[in-house]
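Before any comments, here is the structure.
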Amino acid sequence: MAATPPPPTAPPKPTWEPKQQDPPYPWLRPTIRIRLTLLYGGMFLIAGILLLSIIYMLAAQALHDAGSLEFKVGGNNVLIASDTCPQLGAATNNDQVNETIKACTAVQRQHALDSLLNRALLALVGLSVIAFAFGYAMAGRVLSPLGRITRTARRVAGTDLTRRIELDGPDDELKELADTFDDMLDRLERAFTAQQRFVGNASHELRTPLAINRTLLEVHLSDPEAPPELQQLGKTLLATNERSEQLVEGLLLLARSDNQIVERKPVDLAEVADRAIDQARTEAVARKVEILGERSAAVVQGNGVLLERIALNLVQNAVRYNVAEDGWVEVTTSLQPGQALLVVSNTGPVVPAYEIDNLFEPFRRLRTERTGSDKGVGLGLSIARSVARAHGGRIIAEPREGGGLVMRVTLPV
């Protein structure tokens, strides 16, 4: 038999990347440094020319005033007289005349210098005001692209990833920064879109088999002729399936709540807390835990379903992690300046302060690394913290004196 030819191999990938071509004259690029150098150098040159011209005119005026000493030659024992120098009338000889003229000239010169100094100071103050005003206007014009970048970044912080800077103008450092920021936003938008698509697909793919398993188990458990061993196995598998459903729902909600809430509506925390208490009341009665507290109206802007999840998770944790007898849970809501407050406190085991941060980690409980009980899947506080952050708020846990925790959720109004 003839030997089969080997399959064609793919061409080797290049091990180098083409470099970007540099402009022929990079020193002619209108960079910010060159523009600022030309701008402020030109302003300094113009200000110097103006100041020199003003000083020249003031000096010429001062010299003209200093040379305006007029003399008159007369008789009657008066050699010389002057209106600006009346002391000459008392001079009787040439020596006295010369001394008097020198004294009058010195006075005129000092007067001219004082006038020149005062006018130069006024001119300097006026030029300084004009220079500062012009510099402020030019600095605002030069830095206006930075303000545009900042405003776009703030809008992006509100999960509006469709915003772009699209800066026009010379090819300088600011335009390079804006283009780089736009490229980063493109990558972030693609990443968030892929994440949302993945969450949606995972939600469908994970829920469907669990729902099918639950239906099959419920059908087999409804058979009255099933042996007791099968009945017990079915109940165990049904409980395990229910726990898996809770885990999937918690993970999907945690993934969705990590983003900011775009669509917000008025939500009353008191109403949200009442709904959460109604859902947890049956479990509280079974565990002999009393639910207390007064709830005042506290309206915030947010997502009602997610806020209700915060209250429900906190109330359920407070009921489940409680004392065996005479336990209570207090749920209060109040409105404070600039923020709304939801407080859930309970009796329970003593919680060390250094273990508070671990309670907010996924799949972790007090003194345990992984979940392993029937009290939940270990995502309640993680979801509550993510939802609070998505609403621009925060959640703080503090140990309660005597045992238990005090959970405070603050949300902006």
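Since the structure is predicted, the reported quantities are computational estimates derived from the model, not experimental observations.
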Partner residues of Pro227 under the side chain to side chain contact (heavy atoms under 4.5 Å, CB included) criterion, sequence neighbours left out: Glu229, Leu230
His391 and Val387: CA distance, side-chain angles, deciding distance, side chain to side chain contact (heavy atoms under 4.5 Å, CB included) verdict: CA-CA 6 Å; His391 284 80; Val387 174; 3.7 Å; yes
Any Val413 side-chain heavy atom under 4.5 Å of Gln301 side chain: no
Side chain to side chain, Leu381 and Asn317, heavy atoms closer than 4.5 Å: yes
Polar side-chain atom of Gln231 near backbone of Asp223 as donor-acceptor pair, under 3.5 Å: yes
Derivation of the salt bridge (Lys or Arg N to Asp or Glu O under 4.0 Å) call for Asp179 and Lys175: CA-CA 6 Å; Asp179 294 341; Lys175 190 173 188 308; 3.2 Å; yes
Any Leu307 side-chain heavy atom under 4.5 Å of Leu411 side chain: yes
Spacing of OG belonging to Ser334 relative to CG belonging to Leu269, to within rounding of 0.5 Å: 9.0 Å
Contacts of Thr347 that satisfy side chain to side chain contact (heavy atoms under 4.5 Å, CB included) - sequence neighbours left out: Asn322, Val323, Trp328, Arg400
Any donor-acceptor pair under 3.5 Å from Thr333 side chain to Ala298 backbone: no
Arg151 (side chain) donor-acceptor with Ile149 (main chain) under 3.5 angstrom: no
Side-chain heavy-atom pair Ile395, Leu314 within 4.5 angstrom cut-off: yes
Gap separating the OH atom of Tyr321 from the CZ atom of Arg287, nearest 0.5 angstrom: 9.0 Å
Contact summary for Ala270 and Ser296, nearest pair of heavy atoms: CB-O, 3.3 Å
Any side-chain heavy-atom pair of Asn303 and Val267 under 4.5 Å: no
For residues 211-218, tabulate all N or O donor-acceptor pairs below 3.5 Å that involve a side-chain atom, not counting sequence neighbours.
unit_1: Asn213; atom_1: ND2; unit_2: Pro209; atom_2: O; d: 3.3
unit_1: Arg214; atom_1: NH1; unit_2: Glu245; atom_2: OE1; d: 3.2
unit_1: Arg214; atom_1: NH1; unit_2: Glu245; atom_2: OE2; d: 2.1
unit_1: Thr215; atom_1: OG1; unit_2: Ala211; atom_2: O; d: 2.9

Minimum heavy-atom distance Ala284-Val319, with the two atoms named: CA-CG1, 3.7 Å
From CG (Asn313) to CZ (Arg385), nearest 0.5 Å: 13.0 Å
Close side-chain approach of Ile383 and Arg309, heavy atoms under 4.5 Å: yes
Short side-chain to backbone donor-acceptor contact, Asn346 and Val329, under 3.5 Å: no
Test item: Ser345 and Glu330 side chains (from C-beta on) under 4.5 Å apart, heavy atoms: yes
Lys288 bridged to Glu325 by N-O distance under 4.0 Å: no
Partners meeting side chain to side chain contact (heavy atoms under 4.5 Å, CB included) with Ile356 (sequence neighbours left out): Val351, Leu359, Phe360, Ala397, Pro399, Leu405
Side-chain heavy atoms of Glu398 within contact of Arg408, under 4.5 Å: yes
Asp274, Val343, Ile277 screened by side chain to side chain contact (heavy atoms under 4.5 Å, CB included) with Val331, the one that passes: Ile277
Between CD1 on residue Ile291 and CZ on residue Arg281, distance to nearest 0.5 Å: 5.0 Å
Gln336 CD: over 12 foreign heavy atoms closer than 6.0 Å: yes
Atom pair CD/CG of Glu242 and Leu237 - distance to nearest 0.5 Å: 13.0 Å
Straight-line distance of Thr180 OG1 to Glu176 CD, nearest 0.5 Å: 5.5 Å
Partners passing side chain to side chain contact (heavy atoms under 4.5 Å, CB included) against Pro337 (at least two apart in sequence or in another chain): none
Pair listing, salt bridge (Lys or Arg N to Asp or Glu O under 4.0 Å) test, anchored in residues 40-53, at least two apart: none
Closest non-hydrogen atom pair between Thr410 and Gln339, with its separation: CB-OE1, 3.9 Å
Trace of the side chain to side chain contact (heavy atoms under 4.5 Å, CB included) decision for Val409 with Ile310: CA-CA 9 Å; Val409 180; Ile310 290 182; 4.1 Å; yes
Polar contact flag, side-chain donor to acceptor under 3.5 angstrom, Gln316-Gln279: no
Salt bridge Arg190-Asp186, side-chain N to carboxylate O under 4.0 Å: no
